[in-house]
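What you see below is based on every heavy atom in this structure, not just the backbone, and it leaves out hydrogens, waters and symmetry mates. Protein chains get the first letters and strands the later ones, always in sequence-line order, with residue 1 at the start of each.
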There are 2 protein chains.
Amino acid sequence: MAEIKYNITQHFGTLSEGSKGWKKEVNLISWNDKAPKYDIRDWAPEHAKMGKGVTLTKEELIALRDMLNKMDL
Amino acid sequence: MAEIKYNITQHFGTLSEGSKGWKKEVNLISWNDKAPKYDIRDWAPEHAKMGKGVTLTKEELIALRDMLNKMDL
């Protein structure tokens, strides 16, 4: 697979920290020099490796926020 | 890769609908008969195919909700 170029534009915070220091983070990331998207993903320490995750547009993130606020958590 | 067994226990909603009917959904999913986890993921129509996504524990989902509520979206 071709190497993916990415740049973490903004770091909003960490949702959890797991084994071996992997963290589930919320960031704004530019992939391959495209416009940055919101991103929820597991990261190894120092962002040395990335795990699976999901990218979201601003509209999707707002929809997610509104959905979570209606859920009984 | 071995086939993954999953069961969508609860569907909370759809964040967006993209090309060819793929939807970004929030579900509670049991993977390989384990305890269900929250899941944000793209799905083809009828859940025929799954895209990349992220699974979260209840604690991570609450942290995400609180983080989103503090963000200027």
Side-chain angles (χ1 to χ4, degrees), chain A residues 1-6 8-32 34-45 47-73, chain B residues 1-6 8-32 34-45 47-73:
Chain A
M1 193 170 73
E3 195 171 342
I4 296 167
K5 183 179 176 184
Y6 70 92
I8 299 176
T9 306
Q10 194 173 348
H11 172 66
F12 297 105
T14 298
L15 300 178
S16 66
E17 185 164 342
S19 60
K20 299 183 182 175
W22 281 70
K23 292 177 184 174
K24 187 162 281 168
E25 299 185 1
V26 180
N27 294 298
L28 193 61
I29 300 182
S30 167
W31 300 94
N32 294 320
K34 293 183 183 169
K37 294 186 79 176
Y38 294 94
D39 188 274
I40 306 170
R41 184 176 305 275
D42 289 309
W43 292 90
H47 291 154
K49 291 183 193 172
M50 66 173 71
K52 290 182 182 175
V54 67
T55 58
L56 303 104
T57 63
K58 185 174 182 177
E59 291 68 29
E60 289 169 340
L61 203 66
I62 290 171
L64 177 61
R65 179 197 64 194
D66 295 346
M67 189 183 295
L68 293 177
N69 282 329
K70 286 178 191 163
M71 285 167 64
D72 184 25
L73 292 169
Chain B
M1 194 169 73
E3 195 171 343
I4 296 167
K5 184 179 175 183
Y6 70 92
I8 298 176
T9 306
Q10 193 172 349
H11 173 65
F12 297 105
T14 298
L15 300 179
S16 67
E17 184 165 342
S19 59
K20 299 182 181 175
W22 280 71
K23 291 177 184 174
K24 187 162 279 167
E25 299 185 2
V26 181
N27 295 297
L28 194 61
I29 300 181
S30 168
W31 300 94
N32 294 319
K34 292 182 182 169
K37 294 187 81 176
Y38 295 93
D39 188 274
I40 306 170
R41 184 176 304 274
D42 289 308
W43 291 91
H47 291 153
K49 292 183 192 173
M50 65 174 71
K52 289 181 181 174
V54 67
T55 58
L56 302 105
T57 64
K58 185 174 182 175
E59 290 69 29
E60 289 170 338
L61 204 66
I62 290 171
L64 177 61
R65 178 196 65 194
D66 295 345
M67 189 184 294
L68 293 178
N69 282 330
K70 287 178 191 163
M71 284 167 64
D72 184 25
L73 292 171

With rounding to the nearest 0.5 Å, note down the distance linking CG in B:Leu28 to CE in A:Met71.
7.5 Å
Could you check if a side-chain atom of B:Tyr38 sits within less than 4.5 angstrom of a side-chain atom of A:Leu73, using non-hydrogen atoms only?
yes
Between A:Lys24 and B:Val54, the two heavy atoms sitting closest are CE-CG2, 4.0 Å
Most heavy-atom pairs under 4.5 Å with chain B, out of A:Gly53, A:Ala63, A:Gly51, belong to A:Gly53
Quick check against the 3.5 Å criterion: does B:Lys52 have a side-chain atom that pairs as donor or acceptor with the backbone of A:Thr55?
no
Hey, what do you get for CG (B:Leu64) to CG (A:Leu61), rounding to the nearest 0.5 Å?
7.5 Å
So for B:Thr14, is it side chain, backbone, both, or neither that comes closer than 4.5 Å to the heavy atoms of chain A?
backbone
Residue pair A:Leu56 / B:Leu15: nearest heavy atoms and the distance that separates them
CD2-CD1, 3.8 Å
What's the spacing between A:Met67 CE and B:Glu25 CD if we round to 0.5 Å?
9.0 Å
To the nearest 0.5 Å, what is the distance between CG on A:Leu68 and CG on B:Leu68?
6.5 Å
